[in-house]
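In what follows, a single structure is set out as structure tokens and then discussed.
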Amino acid sequence: MTDILSPERIAGFCRPAAQQVAVKIVDETGSTNADLLAALPRLTTPTLLIARTQTAGRGRAGRSWLSEAGKSLTFSLAWKFNAPVQSLIGLPLAVGVAIAEALAMFNVSVRLKWPNDVLYQGRKLAGVLIESASAGHVPHEASWAVIGIGINMTVNEQLAAQIGRPVASIPWLAELDQDMLMATLLNALSDALVQFEHEGLGAFTQRWNALHAYTGQAVVILDRGQVLQEGVAVGVDGIGRFVLDTASGRTAIMAGDVSLRVKEN
Ligand code: ATP
């Protein structure tokens, strides 16, 4: 494995939007999202923090993202938007599209599961957790998004058992030049974030729907384990809601902390 991971080498592979990002690499940390959130008051540029090992990775609603040292990509990108926090609803969808488009450069074909998962061969390959914070006052309202991403390269049996849900991994990603791989992801993310700021979610909904894992499939929406809705999956609408056709008509669900599952027969 070409495990160089150097900020200078990563920058060498970056296109203009990504070149403004400060790249930091640490051997080990609890959570790259937690570190960047704590650092926000001191940040002056967009910042990418990569951890070779992450020991307390976070998912949504206090869930965990588990990974093993050197066997996965774990990183967070802090990005400042000249727009209020509310305008970032839908950002997880744009980020999913960016990850999928970056992986497609390596001929890895993934699908997206609303609101924030990346599936490979039907199982979860990557997770996204976005945490945001206000960064200014009216009339110059601004906000920071800290975009945490974990991508599995190798998942051994013990880790898979600990996760307790079907997971995907792509071991040969670890054989690639890791700086080039990270730069490819950073390029796609930076371009997507610039586009999201200028054009909003509208620039991504069609791309997201083309990558949707469950179009036409029977799905359920769960809220703390209880079925909130069930129907046939359609896709996402212009504001990032999940649209499904239920027995009582077409309906749209906001992300919140609901979970989407394929309906088991
Ligand atoms: P949803 O309920 O919408 O499906 P989620 O269960 O995927 O959301 P997230 O907060 O997005 O929840 O991600 C955290 C979850 O991801 C964990 O609860 C665990 O089930 C799963 N998970 C943790 N680590 C990994 C990993 N390395 N690979 C795949 N899945 C993982």
Side-chain angles (χ1 to χ4, degrees), residues 29-34 37 50-76 89-97 99-100 103 108 110-132 145-171 173-174 185 208 211-214 217-230 233 235-236 240-244 252-264:
T29 191
S31 152
T32 53
N33 256 39
L37 279 170
I50 307 170
R52 292 193 173 90
T53 307
Q54 187 179 241
T55 55
R58 310 209 290 221
R60 296 188 303 146
R63 293 188 282 266
S64 309
W65 182 262
L66 303 172
S67 57
E68 211 196 331
K71 302 287 168 60
S72 80
L73 298 172
T74 45
F75 58 93
S76 297
I89 296 173
L91 188 58
L93 306 180
V95 167
V97 169
I99 295 172
L103 292 173
V108 173
V110 295
R111 296 260 143 197
L112 300 177
K113 170 176 171 283
W114 183 85
N116 64 332
D117 290 344
V118 178
L119 308 184
Y120 179 64
Q121 296 173 344
R123 291 172 290 152
K124 188 154 153 182
L125 174 74
V128 176
L129 173 70
I130 302 186
E131 296 177 276
S132 49
V146 176
I147 302 160
I149 299 174
I151 304 178
N152 296 325
M153 296 198 287
T154 304
V155 174
N156 65 28
E157 270 176 37
Q158 197 189 349
L159 184 62
Q162 230 181 317
I163 296 168
R165 276 172 59 182
V167 297
S169 56
I170 305 182
L173 286 180
L185 287 158
W208 196 97
L211 290 159
H212 182 201
Y214 300 141
Q217 291 191 45
V219 295
V220 292
I221 301 286
L222 302 174
D223 184 2
R224 279 156 285 195
Q226 301 295 311
V227 176
L228 195 67
Q229 288 284 1
E230 61 177 272
V236 294
R241 295 177 304 180
F242 186 74
V243 178
L244 71 169
I253 311 281
M254 288 297 287
D257 186 37
V258 294
S259 295
L260 170 68
R261 297 281 181 273
V262 172
K263 190 175 177 198
E264 313 214 346

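Counting convention: from 1, in listed order, for ligands and their atoms alike. Small disclaimer: the values here were computed from a predicted structure and weren't measured.
Assignment of K113 to the shell around ligand 1 is supported, since a heavy atom sits closer than 4.0 Å. Ligand 1 is never approached by R123 to a heavy-atom distance shorter than 4.0 Å.
Side-chain atoms of N152 and W65, non-hydrogen and from C-beta on, do get closer than 4.5 Å to each other. For the pair L129/N116, no side-chain contact is recorded, criterion being any heavy-atom separation below 4.5 Å from C-beta on. R241 is not listed as a side-chain neighbour of I253, based on a closest heavy-atom distance of 4.5 Å or more. Annotation: side chain of L73 is in contact with side chain of L185 (closest heavy-atom distance under 4.5 Å). When side chains are defined from C-beta on, R261 counts as touching K113, because their heavy atoms get closer than 4.5 Å.
Considering backbone and side-chain atoms alike, R60 places an N or O below 3.5 Å from some N or O of ligand 1.
Closest heavy-atom approach to atom 6 (O) of ligand 1 among the candidates Q162, R261, R165: R165. Remark: among candidates I151, I163, T74, the nearest residue to atom 22 (N) of ligand 1 is I163, based on non-hydrogen atoms.
At a heavy-atom cutoff of 4.0 Å, ligand 1 is contacted by both the backbone and the side chain of K124. At a heavy-atom cutoff of 4.0 Å, ligand 1 is contacted by the side chain of D117 but not by its backbone. Contacts between S64 and ligand 1, counted as non-hydrogen atom pairs separated by less than 4.0 Å, involve the backbone only. At a 4.0 Å heavy-atom cut-off, ligand 1 touches N152 through the side chain alone. Counting heavy atoms closer than 4.0 Å to ligand 1, residue R63 contributes side-chain atoms (C-beta onward) but none from N, CA, C or O.
For atom 2 (O) of ligand 1, the closest non-hydrogen atom of the protein is S259 OG, 2.4 Å.
The atoms of ligand 1 that sit less than 4.0 Å from any heavy atom of L66 are 23 (C), 24 (N), 26 (C), 27 (N). Of all atoms in ligand 1, numbered sequentially from 1 with element shown, those under 4.0 Å from a heavy atom of V167 are 28 (N), 29 (C), 30 (N). Against a heavy-atom cut-off of under 4.0 Å, G59 is close to the following atoms of ligand 1: 10 (O). Residue-ligand proximity, N116 to ligand 1, at heavy-atom distances under 4.0 Å covers atoms 11 (O).
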Problem - L103 and I170: CA distance, side-chain angles, deciding distance, side-chain contact (heavy atoms from CB on, under 4.5 Å) verdict - result: CA-CA 11 Å; L103 292 173; I170 305 182; 5.8 Å; no
Practice task
Decide yes or no on side-chain hydrogen bond (donor to acceptor under 3.5 Å, both in side chains) for Q54 and T32, but give the supporting numbers first.
Solution key: CA-CA 7 Å; Q54 187 179 241; T32 53; 3.2 Å; yes
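Ring planes of F242 and W114: tilted class, angle from 30 to 60°.
Judged purely by atom type and a 3.5 angstrom limit, D223 has no side-chain atom pairing as donor or acceptor with the backbone of L228. Distance alone, capped at 3.5 Å, is enough to place a donor-acceptor pair between the T55 side chain and the T29 backbone.
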